[in-house]
There are 2 protein chains.
Amino acid sequence: MSREMRVGVLASGRGSNFEALWNASEAGELGARIVCLASDNPESVALQRARDFGLPTCCVESSKRRGRLPREAESEIVTFLRSHAVDLVCLAGFMRIIGEALLEAFPGAILNIHPSLLPSFPGLDAQRQALEHGAKVSGCTVHLVDAGVDSGPIVLQAVVPVRDDDTAATLAARILEHEHEIYPRAVRLWAAGRLRVEGRRVLGADRETSRSRHIQEAKP
Amino acid sequence: MSREMRVGVLASGRGSNFEALWNASEAGELGARIVCLASDNPESVALQRARDFGLPTCCVESSKRRGRLPREAESEIVTFLRSHAVDLVCLAGFMRIIGEALLEAFPGAILNIHPSLLPSFPGLDAQRQALEHGAKVSGCTVHLVDAGVDSGPIVLQAVVPVRDDDTAATLAARILEHEHEIYPRAVRLWAAGRLRVEGRRVLGADRETSRSRHIQEAKP
(Lines give C-alpha, C1' and ligand atoms only; values in the text may rest on other atoms or scores of the structure.)
Protein backbone atom coordinates (compact mmCIF):
# COMPACT_ATOMS: atom_id res chain seq x y z
CA MET A 1 0.00 0.00 0.00
CA SER A 2 1.27 3.45 -0.87
CA ARG A 3 2.16 5.84 1.90
CA GLU A 4 -0.50 8.08 3.37
CA MET A 5 -0.80 11.46 1.68
CA ARG A 6 0.02 14.46 3.83
CA VAL A 7 -2.20 17.54 3.77
CA GLY A 8 -1.30 21.08 4.81
CA VAL A 9 -4.13 23.56 5.33
CA LEU A 10 -4.08 27.33 4.77
CA ALA A 11 -6.74 29.36 6.57
CA SER A 12 -7.38 33.03 7.33
CA GLY A 13 -10.51 32.94 9.46
CA ARG A 14 -12.98 30.63 11.10
CA GLY A 15 -11.84 27.68 9.05
CA SER A 16 -14.95 25.54 9.35
CA ASN A 17 -13.77 23.67 6.27
CA PHE A 18 -10.49 22.98 8.08
CA GLU A 19 -12.53 21.40 10.87
CA ALA A 20 -14.56 19.37 8.38
CA LEU A 21 -11.33 18.04 6.86
CA TRP A 22 -9.90 17.42 10.32
CA ASN A 23 -12.98 15.50 11.44
CA ALA A 24 -12.93 13.39 8.28
CA SER A 25 -9.25 12.70 8.85
CA GLU A 26 -9.83 11.72 12.48
CA ALA A 27 -12.68 9.45 11.40
CA GLY A 28 -10.34 7.76 8.92
CA GLU A 29 -12.47 9.00 6.02
CA LEU A 30 -10.07 11.39 4.34
CA GLY A 31 -7.62 8.88 2.89
CA ALA A 32 -4.97 11.40 3.94
CA ARG A 33 -3.62 13.00 7.10
CA ILE A 34 -3.64 16.68 8.00
CA VAL A 35 -0.15 17.44 9.21
CA CYS A 36 0.04 21.22 9.60
CA LEU A 37 -1.76 24.53 9.20
CA ALA A 38 -0.52 27.92 8.08
CA SER A 39 -2.32 31.24 8.36
CA ASP A 40 -1.87 34.87 7.41
CA ASN A 41 -3.94 36.05 10.35
CA PRO A 42 -2.85 35.71 13.98
CA GLU A 43 -6.50 36.11 15.04
CA SER A 44 -7.65 33.18 12.92
CA VAL A 45 -9.90 30.77 14.80
CA ALA A 46 -8.58 27.99 12.57
CA LEU A 47 -5.06 28.74 13.79
CA GLN A 48 -6.18 28.41 17.39
CA ARG A 49 -8.10 25.23 16.66
CA ALA A 50 -5.07 23.70 14.95
CA ARG A 51 -3.00 24.43 18.03
CA ASP A 52 -5.74 22.85 20.16
CA PHE A 53 -5.50 19.75 17.97
CA GLY A 54 -1.74 19.69 18.52
CA LEU A 55 -0.92 20.45 14.88
CA PRO A 56 2.23 22.35 13.93
CA THR A 57 1.26 25.85 12.81
CA CYS A 58 2.85 28.83 11.15
CA CYS A 59 1.54 32.37 10.89
CA VAL A 60 2.95 34.90 8.44
CA GLU A 61 2.11 38.53 8.96
CA SER A 62 1.42 41.07 6.28
CA SER A 63 0.23 44.65 6.54
CA LYS A 64 -2.30 44.09 3.76
CA ARG A 65 -5.22 41.86 4.69
CA ARG A 66 -6.32 40.79 1.20
CA GLY A 67 -4.96 40.13 -2.28
CA ARG A 68 -1.62 38.50 -2.94
CA LEU A 69 0.82 37.79 -0.12
CA PRO A 70 4.29 39.31 -0.45
CA ARG A 71 6.59 36.78 -2.11
CA GLU A 72 8.70 36.34 1.04
CA ALA A 73 5.63 35.56 3.16
CA GLU A 74 4.47 33.02 0.62
CA SER A 75 7.94 31.48 0.49
CA GLU A 76 7.89 31.18 4.26
CA ILE A 77 4.67 29.17 3.96
CA VAL A 78 6.22 26.98 1.27
CA THR A 79 9.21 26.27 3.52
CA PHE A 80 6.87 25.41 6.39
CA LEU A 81 4.73 23.08 4.25
CA ARG A 82 7.84 21.39 2.82
CA SER A 83 9.29 20.90 6.27
CA HIS A 84 6.19 18.84 7.00
CA ALA A 85 6.50 16.90 3.74
CA VAL A 86 3.10 18.09 2.54
CA ASP A 87 1.74 16.46 -0.65
CA LEU A 88 -1.50 18.40 -0.94
CA VAL A 89 -2.37 21.94 0.13
CA CYS A 90 -6.00 22.69 1.03
CA LEU A 91 -7.20 26.27 1.20
CA ALA A 92 -9.92 26.68 3.81
CA GLY A 93 -11.05 30.27 3.74
CA PHE A 94 -7.57 31.51 2.89
CA MET A 95 -8.30 35.06 1.73
CA ARG A 96 -5.34 35.40 -0.60
CA ILE A 97 -4.69 35.04 -4.29
CA ILE A 98 -2.15 32.24 -4.56
CA GLY A 99 1.13 33.36 -6.11
CA GLU A 100 3.98 31.72 -7.96
CA ALA A 101 5.89 30.45 -4.95
CA LEU A 102 3.06 28.17 -3.85
CA LEU A 103 1.94 27.26 -7.38
CA GLU A 104 5.46 26.23 -8.35
CA ALA A 105 6.06 24.31 -5.15
CA PHE A 106 2.78 22.35 -5.36
CA PRO A 107 1.82 22.02 -9.03
CA GLY A 108 -1.62 20.43 -9.41
CA ALA A 109 -1.69 19.92 -5.66
CA ILE A 110 -3.55 22.91 -4.25
CA LEU A 111 -7.30 22.63 -3.68
CA ASN A 112 -9.79 25.34 -2.79
CA ILE A 113 -13.49 25.38 -2.01
CA HIS A 114 -15.70 28.23 -3.14
CA PRO A 115 -19.35 28.86 -2.16
CA SER A 116 -20.88 29.09 -5.62
CA LEU A 117 -21.35 27.01 -8.75
CA LEU A 118 -18.31 28.29 -10.55
CA PRO A 119 -17.79 29.88 -13.03
CA SER A 120 -20.80 31.84 -11.67
CA PHE A 121 -20.02 34.23 -8.82
CA PRO A 122 -16.27 34.00 -8.27
CA GLY A 123 -14.57 36.22 -5.71
CA LEU A 124 -15.85 37.68 -2.49
CA ASP A 125 -19.37 37.37 -1.10
CA ALA A 126 -20.40 34.67 -3.56
CA GLN A 127 -23.58 33.78 -1.69
CA ARG A 128 -24.78 37.38 -1.74
CA GLN A 129 -23.85 37.66 -5.42
CA ALA A 130 -25.98 34.58 -6.20
CA LEU A 131 -28.90 35.89 -4.18
CA GLU A 132 -28.82 39.37 -5.70
CA HIS A 133 -28.43 37.99 -9.20
CA GLY A 134 -31.62 36.01 -8.65
CA ALA A 135 -30.10 32.57 -9.26
CA LYS A 136 -32.53 29.77 -8.40
CA VAL A 137 -29.76 27.33 -7.59
CA SER A 138 -26.35 27.82 -6.14
CA GLY A 139 -23.89 25.59 -4.35
CA CYS A 140 -20.20 25.05 -3.90
CA THR A 141 -17.20 24.04 -5.95
CA VAL A 142 -13.95 22.29 -5.07
CA HIS A 143 -11.31 23.23 -7.63
CA LEU A 144 -7.63 22.99 -8.29
CA VAL A 145 -6.00 26.35 -7.72
CA ASP A 146 -4.36 28.26 -10.53
CA ALA A 147 -3.08 31.83 -10.77
CA GLY A 148 -6.58 33.31 -11.16
CA VAL A 149 -9.40 33.95 -8.72
CA ASP A 150 -11.54 30.81 -8.34
CA SER A 151 -10.70 29.91 -11.93
CA GLY A 152 -8.93 26.54 -11.75
CA PRO A 153 -10.19 23.15 -12.98
CA ILE A 154 -13.30 21.94 -11.14
CA VAL A 155 -13.15 18.71 -9.12
CA LEU A 156 -16.61 18.51 -7.50
CA GLN A 157 -19.72 20.65 -7.26
CA ALA A 158 -22.78 20.39 -5.04
CA VAL A 159 -26.08 22.16 -5.66
CA VAL A 160 -28.57 23.78 -3.30
CA PRO A 161 -31.81 25.61 -4.10
CA VAL A 162 -32.05 29.35 -3.50
CA ARG A 163 -35.36 30.11 -1.79
CA ASP A 164 -37.52 33.22 -2.03
CA ASP A 165 -37.07 33.92 1.66
CA ASP A 166 -33.31 33.39 1.71
CA THR A 167 -30.90 35.95 3.03
CA ALA A 168 -27.19 35.79 2.24
CA ALA A 169 -26.78 34.20 5.69
CA THR A 170 -29.38 31.44 5.26
CA LEU A 171 -28.08 30.64 1.79
CA ALA A 172 -24.49 30.60 3.07
CA ALA A 173 -25.48 28.19 5.86
CA ARG A 174 -27.21 25.85 3.43
CA ILE A 175 -24.20 25.88 1.12
CA LEU A 176 -21.74 25.40 3.99
CA GLU A 177 -23.25 22.02 4.91
CA HIS A 178 -22.36 20.82 1.44
CA GLU A 179 -18.91 22.36 1.54
CA HIS A 180 -18.23 20.22 4.59
CA GLU A 181 -19.26 17.18 2.64
CA ILE A 182 -17.65 17.64 -0.76
CA TYR A 183 -14.31 19.01 0.40
CA PRO A 184 -13.29 15.81 2.25
CA ARG A 185 -14.65 13.83 -0.71
CA ALA A 186 -12.43 15.76 -3.12
CA VAL A 187 -9.37 15.27 -0.92
CA ARG A 188 -10.08 11.55 -0.77
CA LEU A 189 -10.27 11.38 -4.57
CA TRP A 190 -7.07 13.37 -4.95
CA ALA A 191 -5.24 11.28 -2.35
CA ALA A 192 -6.38 8.05 -4.00
CA GLY A 193 -4.89 9.24 -7.29
CA ARG A 194 -8.27 8.92 -8.95
CA LEU A 195 -8.32 12.35 -10.57
CA ARG A 196 -6.83 13.20 -13.93
CA VAL A 197 -6.82 16.59 -15.57
CA GLU A 198 -7.49 16.93 -19.30
CA GLY A 199 -7.44 20.55 -20.38
CA ARG A 200 -9.84 22.22 -17.99
CA ARG A 201 -11.68 18.99 -17.19
CA VAL A 202 -10.98 16.94 -14.08
CA LEU A 203 -12.03 13.36 -14.72
CA GLY A 204 -12.51 10.54 -12.24
CA ALA A 205 -14.98 12.22 -9.90
CA ASP A 206 -18.36 11.90 -11.57
CA ARG A 207 -19.65 9.00 -9.53
CA GLU A 208 -18.77 11.01 -6.47
CA THR A 209 -20.78 13.94 -7.74
CA SER A 210 -23.88 11.91 -8.43
CA ARG A 211 -23.67 10.16 -5.06
CA SER A 212 -23.56 13.49 -3.32
CA ARG A 213 -25.94 13.82 -0.41
CA HIS A 214 -27.10 17.26 -1.56
CA ILE A 215 -29.17 15.84 -4.34
CA GLN A 216 -31.32 13.90 -1.94
CA GLU A 217 -31.45 16.75 0.53
CA ALA A 218 -32.59 19.25 -2.03
CA LYS A 219 -35.86 17.39 -2.41
CA PRO A 220 -38.84 19.16 -0.83
CA MET B 1 -62.12 33.48 -13.62
CA SER B 2 -59.77 35.67 -15.60
CA ARG B 3 -59.47 35.16 -19.31
CA GLU B 4 -56.97 32.66 -20.66
CA MET B 5 -53.55 34.11 -21.36
CA ARG B 6 -52.45 34.07 -24.99
CA VAL B 7 -48.94 33.01 -25.93
CA GLY B 8 -47.02 33.79 -29.12
CA VAL B 9 -43.89 31.77 -29.87
CA LEU B 10 -40.77 32.91 -31.74
CA ALA B 11 -38.56 30.17 -33.19
CA SER B 12 -35.69 29.94 -35.67
CA GLY B 13 -35.01 26.23 -35.89
CA ARG B 14 -36.22 22.87 -34.72
CA GLY B 15 -38.28 24.40 -31.95
CA SER B 16 -38.52 21.37 -29.69
CA ASN B 17 -39.37 23.76 -26.88
CA PHE B 18 -42.23 25.07 -28.99
CA GLU B 19 -43.52 21.50 -29.22
CA ALA B 20 -43.13 21.01 -25.47
CA LEU B 21 -45.19 24.16 -24.87
CA TRP B 22 -47.72 23.07 -27.47
CA ASN B 23 -48.11 19.64 -25.91
CA ALA B 24 -48.56 21.15 -22.46
CA SER B 25 -51.14 23.52 -23.88
CA GLU B 26 -53.01 20.70 -25.62
CA ALA B 27 -52.95 18.70 -22.39
CA GLY B 28 -54.48 21.65 -20.55
CA GLU B 29 -51.32 21.98 -18.44
CA LEU B 30 -50.00 25.33 -19.61
CA GLY B 31 -52.60 27.60 -18.05
CA ALA B 32 -52.38 29.51 -21.32
CA ARG B 33 -53.03 29.01 -25.00
CA ILE B 34 -50.51 29.17 -27.82
CA VAL B 35 -52.12 31.31 -30.48
CA CYS B 36 -49.44 31.98 -33.08
CA LEU B 37 -45.80 31.49 -34.08
CA ALA B 38 -43.36 33.81 -35.81
CA SER B 39 -40.00 32.90 -37.28
CA ASP B 40 -37.02 34.55 -38.96
CA ASN B 41 -36.22 31.41 -40.94
CA PRO B 42 -38.45 30.02 -43.71
CA GLU B 43 -36.73 26.62 -43.27
CA SER B 44 -37.61 26.42 -39.58
CA VAL B 45 -39.08 23.07 -38.61
CA ALA B 46 -41.03 24.87 -35.89
CA LEU B 47 -42.68 27.02 -38.55
CA GLN B 48 -43.77 23.92 -40.43
CA ARG B 49 -45.00 22.23 -37.27
CA ALA B 50 -47.02 25.32 -36.34
CA ARG B 51 -48.68 25.23 -39.75
CA ASP B 52 -49.39 21.50 -39.23
CA PHE B 53 -51.06 22.38 -35.95
CA GLY B 54 -53.19 24.96 -37.75
CA LEU B 55 -51.60 27.92 -35.98
CA PRO B 56 -51.32 31.32 -37.64
CA THR B 57 -47.68 31.93 -38.56
CA CYS B 58 -45.53 34.76 -39.80
CA CYS B 59 -42.01 34.62 -41.22
CA VAL B 60 -39.81 37.66 -41.56
CA GLU B 61 -36.78 37.43 -43.77
CA SER B 62 -33.44 39.00 -43.14
CA SER B 63 -30.15 38.64 -45.00
CA LYS B 64 -28.25 38.22 -41.72
CA ARG B 65 -28.92 34.96 -39.92
CA ARG B 66 -27.86 35.99 -36.41
CA GLY B 67 -27.67 39.00 -34.11
CA ARG B 68 -30.35 41.64 -33.96
CA LEU B 69 -33.20 41.72 -36.46
CA PRO B 70 -33.61 44.92 -38.48
CA ARG B 71 -36.09 47.19 -36.70
CA GLU B 72 -38.70 46.87 -39.44
CA ALA B 73 -38.60 43.05 -39.29
CA GLU B 74 -39.00 43.16 -35.54
CA SER B 75 -41.87 45.62 -35.86
CA GLU B 76 -43.53 43.26 -38.31
CA ILE B 77 -43.38 40.53 -35.66
CA VAL B 78 -44.81 42.93 -33.07
CA THR B 79 -47.72 43.76 -35.39
CA PHE B 80 -48.34 40.06 -35.98
CA LEU B 81 -48.26 39.21 -32.26
CA ARG B 82 -50.56 42.13 -31.44
CA SER B 83 -53.00 41.10 -34.15
CA HIS B 84 -53.35 37.84 -32.22
CA ALA B 85 -53.74 39.63 -28.88
CA VAL B 86 -50.66 37.95 -27.44
CA ASP B 87 -50.03 38.49 -23.71
CA LEU B 88 -46.79 36.54 -23.40
CA VAL B 89 -44.00 35.93 -25.93
CA CYS B 90 -41.98 32.72 -25.60
CA LEU B 91 -38.67 32.40 -27.39
CA ALA B 92 -38.00 28.81 -28.42
CA GLY B 93 -34.61 28.68 -30.08
CA PHE B 94 -35.05 32.15 -31.55
CA MET B 95 -31.49 32.98 -32.59
CA ARG B 96 -31.80 36.74 -32.32
CA ILE B 97 -30.99 39.37 -29.76
CA ILE B 98 -34.32 40.95 -28.87
CA GLY B 99 -34.49 44.65 -29.72
CA GLU B 100 -36.45 47.63 -28.56
CA ALA B 101 -39.55 47.07 -30.64
CA LEU B 102 -40.34 43.76 -28.95
CA LEU B 103 -39.12 44.82 -25.49
CA GLU B 104 -41.31 47.94 -25.57
CA ALA B 105 -44.34 46.10 -26.91
CA PHE B 106 -44.14 43.28 -24.32
CA PRO B 107 -42.51 44.65 -21.18
CA GLY B 108 -41.87 41.90 -18.64
CA ALA B 109 -43.69 39.51 -20.93
CA ILE B 110 -40.98 37.82 -22.98
CA LEU B 111 -39.56 34.51 -21.75
CA ASN B 112 -36.55 32.59 -23.03
CA ILE B 113 -34.99 29.27 -22.16
CA HIS B 114 -31.23 28.79 -22.22
CA PRO B 115 -29.32 25.48 -21.87
CA SER B 116 -27.04 26.41 -18.98
CA LEU B 117 -27.23 27.50 -15.35
CA LEU B 118 -27.03 31.21 -16.05
CA PRO B 119 -25.09 33.39 -15.43
CA SER B 120 -22.60 30.64 -16.40
CA PHE B 121 -22.24 30.02 -20.14
CA PRO B 122 -24.50 32.57 -21.84
CA GLY B 123 -24.60 32.79 -25.61
CA LEU B 124 -24.08 30.16 -28.25
CA ASP B 125 -23.11 26.55 -27.69
CA ALA B 126 -23.73 26.68 -23.96
CA GLN B 127 -23.57 22.92 -23.49
CA ARG B 128 -20.16 22.71 -25.15
CA GLN B 129 -18.99 25.70 -23.09
CA ALA B 130 -20.01 23.91 -19.87
CA LEU B 131 -18.32 20.69 -20.94
CA GLU B 132 -15.08 22.34 -22.00
CA HIS B 133 -14.99 24.47 -18.87
CA GLY B 134 -15.16 21.26 -16.85
CA ALA B 135 -18.34 22.14 -14.94
CA LYS B 136 -19.65 19.16 -12.92
CA VAL B 137 -23.22 20.35 -13.09
CA SER B 138 -25.11 22.23 -15.75
CA GLY B 139 -28.75 22.62 -16.61
CA CYS B 140 -31.19 25.10 -18.04
CA THR B 141 -32.66 28.46 -17.16
CA VAL B 142 -35.97 30.12 -18.00
CA HIS B 143 -35.56 33.88 -17.77
CA LEU B 144 -37.33 37.09 -18.61
CA VAL B 145 -35.76 38.69 -21.64
CA ASP B 146 -33.99 42.04 -21.45
CA ALA B 147 -31.76 43.86 -23.91
CA GLY B 148 -28.73 41.67 -23.16
CA VAL B 149 -27.77 38.14 -24.17
CA ASP B 150 -29.30 35.64 -21.72
CA SER B 151 -29.02 38.25 -19.00
CA GLY B 152 -32.59 38.86 -17.80
CA PRO B 153 -34.12 37.94 -14.42
CA ILE B 154 -34.22 34.19 -13.77
CA VAL B 155 -37.58 32.44 -13.32
CA LEU B 156 -36.65 28.75 -13.00
CA GLN B 157 -33.54 26.61 -13.23
CA ALA B 158 -33.08 22.85 -13.45
CA VAL B 159 -29.83 21.03 -12.79
CA VAL B 160 -28.24 18.00 -14.46
CA PRO B 161 -24.91 16.33 -13.74
CA VAL B 162 -22.11 16.51 -16.31
CA ARG B 163 -20.53 13.08 -16.66
CA ASP B 164 -16.96 12.18 -17.54
CA ASP B 165 -18.07 10.45 -20.72
CA ASP B 166 -20.37 13.24 -21.89
CA THR B 167 -20.08 14.84 -25.28
CA ALA B 168 -21.73 18.16 -26.07
CA ALA B 169 -24.50 16.09 -27.70
CA THR B 170 -25.20 13.79 -24.74
CA LEU B 171 -25.13 16.71 -22.33
CA ALA B 172 -27.43 18.73 -24.58
CA ALA B 173 -29.89 15.81 -24.73
CA ARG B 174 -29.90 15.45 -20.94
CA ILE B 175 -30.49 19.17 -20.51
CA LEU B 176 -33.19 19.26 -23.20
CA GLU B 177 -35.42 16.88 -21.23
CA HIS B 178 -35.46 19.40 -18.43
CA GLU B 179 -36.02 22.33 -20.77
CA HIS B 180 -39.19 20.61 -21.90
CA GLU B 181 -40.29 20.36 -18.31
CA ILE B 182 -39.41 23.74 -16.82
CA TYR B 183 -40.47 25.92 -19.74
CA PRO B 184 -44.16 24.95 -19.53
CA ARG B 185 -43.89 25.29 -15.73
CA ALA B 186 -42.56 28.83 -16.05
CA VAL B 187 -45.30 29.79 -18.51
CA ARG B 188 -47.90 28.41 -16.11
CA LEU B 189 -46.48 30.50 -13.26
CA TRP B 190 -46.37 33.61 -15.44
CA ALA B 191 -49.91 33.04 -16.72
CA ALA B 192 -51.23 32.51 -13.19
CA GLY B 193 -49.76 35.87 -12.18
CA ARG B 194 -47.68 34.18 -9.49
CA LEU B 195 -44.36 35.80 -10.39
CA ARG B 196 -43.16 39.14 -9.10
CA VAL B 197 -39.89 40.80 -9.99
CA GLU B 198 -37.86 42.58 -7.30
CA GLY B 199 -34.64 43.98 -8.71
CA ARG B 200 -33.07 41.03 -10.47
CA ARG B 201 -34.97 38.48 -8.39
CA VAL B 202 -38.11 36.76 -9.63
CA LEU B 203 -40.13 35.60 -6.63
CA GLY B 204 -43.06 33.20 -6.51
CA ALA B 205 -41.43 30.21 -8.20
CA ASP B 206 -39.37 28.53 -5.53
CA ARG B 207 -41.76 25.72 -4.72
CA GLU B 208 -41.78 24.97 -8.41
CA THR B 209 -38.01 24.78 -8.45
CA SER B 210 -37.77 22.40 -5.55
CA ARG B 211 -40.52 20.17 -6.93
CA SER B 212 -38.67 19.88 -10.19
CA ARG B 213 -38.30 16.36 -11.44
CA HIS B 214 -34.60 16.85 -12.17
CA ILE B 215 -33.65 16.67 -8.52
CA GLN B 216 -35.05 13.19 -8.16
CA GLU B 217 -33.72 12.10 -11.52
CA ALA B 218 -30.22 13.25 -10.77
CA LYS B 219 -29.92 10.58 -8.07
CA PRO B 220 -27.68 7.63 -9.00
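Just so it is clear, the values below take in all heavy atoms, side chains as well, and ignore hydrogens, waters and symmetry mates. Residue numbers start from 1 in every chain, and the chains themselves are labelled A, B, ... in the order their sequence lines are given, proteins ahead of strands.
- For A/P119, the parts lying near chain B are the backbone and the side chain together; criterion is any non-hydrogen pair under 4.5 Å.
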Evaluate A/I154 against B/H133 for side-chain contact (heavy atoms from CB on, under 4.5 Å), listing each step before the verdict. CA-CA 8 Å; A/I154 293 169; B/H133 189 84; 4.0 Å; yes

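- Applying the 6.0 Å contact sphere to CZ of A/R71 captures more than 12 heavy atoms from other residues, nucleotides or ligands.
- A/R201 is listed as a side-chain neighbour of B/L131, based on a closest heavy-atom distance under 4.5 Å.
- Between the B/K136 side chain and the A/T141 main chain, no donor and acceptor come within less than 3.5 Å of each other.
- The 12-atom threshold is not exceeded at CZ of A/R128, counting heavy atoms of other residues, nucleotides or ligands nearer than 6.0 Å.
- To the nearest 0.5 angstrom, B/R196 atom CZ is 6.5 Å from A/D164 atom CG.
- B/R200 and A/E132 get closest at one heavy-atom pair: CB-O, 3.3 Å.
- Of all residues spanning residues 86-115 of chain A, none has a heavy atom less than 4.5 Å away from chain B's heavy atoms.
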